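In what follows, a structure is listed as structure tokens, so that the remarks can point back to it.
Both backbone and side-chain heavy atoms feed into the values below; hydrogens, waters and symmetry mates do not. Remember, it's a predicted structure, so these values are computed and weren't measured experimentally.
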Amino acid sequence: MTDTLIIALTTMGGLGFIFAGGLAIADKKLRVEENPLIGKINDVLPGANCGACGKAGCYDFAVNIVNGKMKVNGCPVGGEDVANLIAKILGVEAEPAIKQVPRILCRGGNNEAKDKSTNYKGPQSCAVMEIVGGGTKICEFGCLGGGDCIAACQFGALIMNDNNLPEVIEDLCTSCGLCAKACSRNLIEMHPIDRRVFVFCKSNYDPKRSKEVCSAACTGCGICERVSDGGVVVKNNLAEINYDLFYASNFPFDKCKTKAISYLNDKDNTIHKLVVNQ
Amino acid sequence: MPKIFNNLLSFKGGVHPKEYKYLTSSLPFEKIPTPSKIILPLSQNIGAPSTPIVNKKDEVFAGQLIATQNGPISAPIYSPVSGNVLSIGIEDTVSSFTKESITIKSNENLEMELFPKLDLNNISDKEICKRVQMAGIVGLGGAAFPTYFKLTPPKDKIIDYVILNGCECEPYLTRDYRLMIERPKDLIAGLKLIMKALNLEKGAIGIEDNKQDAIDVLQNLVKDDNSIKIFSLKTKYPQGAEKMLIKAILNREVPPGKLPFDVGVAIQNIGTAIAIYEAVYLGMPLISASLTVSGLGIKTPKNLIVPIGTPLIDILEYCGGIMEDAKRVVVGGPMMGITQHNLNAPIMKATSGILVLTEKEINQFDETNCLRCGKCIEVCPVNLTPTKLARFSQLGRISEAEENGIFNCMECGTCAYVCPANIPLVQWIAFGKKKLSLAKKAV
């Protein structure tokens with residue numbers, strides 16, 4: 001009885017020692033040196049693996065930073081804090097980054113933009129509505145209200161307001177830009193958070209059709225171009241702001257009849273209203 | 001031999017929606033008065049839009065060439081009326097997308113310029129193709145593929161059969177049926193021209209068995225002619241889809257991603273054959289469309305001959321206007337047609353019908369969850385699993401959708417028609433196809 005026990009113990013123990021020895025040799029001979037910086041940077045990243053930086057995930061981003069292929073402030077979700085931490089690890093100076101937030105450049109909600117009134121009952125997704133007869137609104141440039149941007153946001157920073165237009169909650173936004181990619185009509189653009197004046201329209205329709213299809217459209221009348229000294233240029237029936245030359249304090253906003261070019265007004269914001277009401 | 005078994009030619013799957021063909025099947029074609037305004041979209045066919053050769057304020061006459069062919073897959077456009085060009089610009093069309101269009105204000109002048117006469121006794125295949133190309137004829141079954149292109153197949157494809165598609169499997173529509181009844185001789189002449197253009201000995205016409213009198217009329221005409229056969233097919237949607245038609249008549253299966261050419265068959269629509277007859281025998285360019293105006297929401301349903309470019313509203317007014325309980329106007333058949341939002345949009349070359357539908361005919365329900373009943377798989381004529389494809393598209397798993405054959409779907413809508421959960425299967429599949437082709441383009 002004890003013999004069997006001893007034989008079993010020695011064979012298993014012996015095998016264990018042989019394999020352990022093999023592993024120990026392999027550890028010495030086949031060791032891959034990983035830059036310890038990668039691990040350190042990976043630890044300070046948000047770990048959401050959202051892909052907003054353009055890399056496969058946070059670890060991939062860390063590898064690319066150490067190889068010098070990405071900038072220190074390349075993680076939009078982490079923002080300034082993470083950029084500073086990475087800069088500290090690498091021993092470099094972080095460039096100051098201004099938070100970028102998405103801006104929805106269309107104000108043609110249910111109240112403004114004309115509806116096709118075709119009783120659409122298909123999937124509520126902009127990309128699908130777009131191919132099923134070009135959406136439910138007559139305007140071919142404006143927001144479809146299907147909420148693809150809201151579905152794309154992983155941080156709950158977008159909501160649909162009563163007028164069927166998406167709104168950004170700046171405090172929750174991590175600047176990842178996935179909503180801008182999801183918009184099938186490219187209406188969402190990322191802008192620095194302190195930029196408050198925009199042309200809230202993307203329509204290239206001529207003035208007559210613009211007026212027909214939406215009351216908030218840029219008609220391309222050109223008044224803004226004439227009064228702004230190059231701050232606004234009208235191209236293809238659509239005003240475009242040149243932010244280097246544009247001075248909001250000098251611009252007569254009331255000249256724009258449809259309010260297509262105007263301030264981003266927080267007071268109209270659904271979230272703002274909710275906060276005030278509480 | 002008496003028929004003991006009802007062994008009709010058909011295909012696997014399919015459905016038989018309520019027909020409603022009785023509304024217009026007994027009404028002969030009427031010509032509508034010349035509308036005051038004509039809008040001609042420059043892109044009325046698959047392929048490149050035509051190039052306009054008139055300017056604003058120019059005077060045009062009926063039958064004048066106003067836009068030329070642009071590239072191999074394209075077709076010229078002729079003015080159906082005399083008048084002045086009002087504008088050239090973006091207009092709404094029945095495809096529910098806006099397109100560059102020429103608007104013409106018409107006058108009373110009805111004189112028309114025709115093509116020079118051809119020597120009909122020894123006409124060559126090249127002459128026929130050239131005339132078809134010149135007349136701007138496109139497939140009038142709905143897809144609007146330039147016809148001359150289909151008459152000049154690539155050299156390496158051997159074609160041995162031409163089939164005229166007289167199925168008209170969409171409910172309501174009776175245009176092809178009326179053409180077969182009213183102009184059988186022209187139709188056979190048109191078919192012979194197609195056969196001559198392709199140098200073929202054998203031709204066939206496939207007709208669903210709910211149009212027995214059309215079958216009888218044509219059968220009577222060709223009883224001494226061995227080259228043309230009339231086939232009676234089971235009434236089932238989508239019998240008129242070309243792959244289903246070839247399967248039913250010749251029992252040849254068009255492989256996924258291939259064309260009828262690849263199994264040696266050329267398919268043309270009944271309306272196209274008549275248009276070819278008119279172009280060759282009468283020298284007429286394609287300037288008018290025959291169509292069915294039907295549905296329970298229109299005062300007097302009619303079969304009409306309408307100048308191409310006539311706004312829908314003019315046609316609907318000629319038919320007595322829309323009833324109060326009408327819910328939507330659809331251009332095309334109810335299964336594959338497009339809902340309209342602007343009744344000023346003009347009809348195009350391949351418009352086969354205008355339907356004014358009431359609540360009762362639309363039957364819209366809310367979507368619920370998939371029951372896994374498998375009905376969509378049972379009825380799919382091309383053996384796909386629609387529910388799976390729709391789910392893959394919805395989740396963005398497009399490579400799996402491709403593996404499951406999403407590109408074989410022709411969006412006939414049979415699956416969505418039978419779905420007890422009212423899942424918008426076709427929309428999701430169309431979305432997946434679009435996404436997949438965009439992804440392929442990007443690579």
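No donor-acceptor pair closer than 3.5 Å links the side chain of B/D314 to the backbone N or O of B/P311.
Electrostatic pairing of A/E189 and A/R195 does not count as a salt bridge here, judged by no charged N lying under 4.0 Å from a carboxylate O. A salt bridge does not link A/K202 to A/E140: none of the charged nitrogens lies less than 4.0 Å from a carboxylate oxygen. Using a 4.0 Å cut-off between charged side-chain N and carboxylate O, B/K440 and B/E402 make a salt bridge.
If you measure heavy-atom distances from B/S393 to chain A, you find no contacts under 4.5 Å at all. With a 4.5 angstrom heavy-atom cutoff, A/V132 touches chain B only via side-chain atoms. Within the 4.5 angstrom heavy-atom criterion, only backbone atoms of B/Q340 (N, CA, C, O) approach chain A.
Side chains of B/E361 and B/Y172: a donor-acceptor N/O pair is present below 3.5 angstrom, by distance only.
For the set B/P424, B/G89, B/G432, the count of heavy-atom pairs under 4.5 angstrom toward chain A peaks at B/P424. Of the residues considered (A/M129, A/R209, A/E130), A/R209 shows the highest number of contacts with chain B, using heavy-atom pairs under 4.5 Å.
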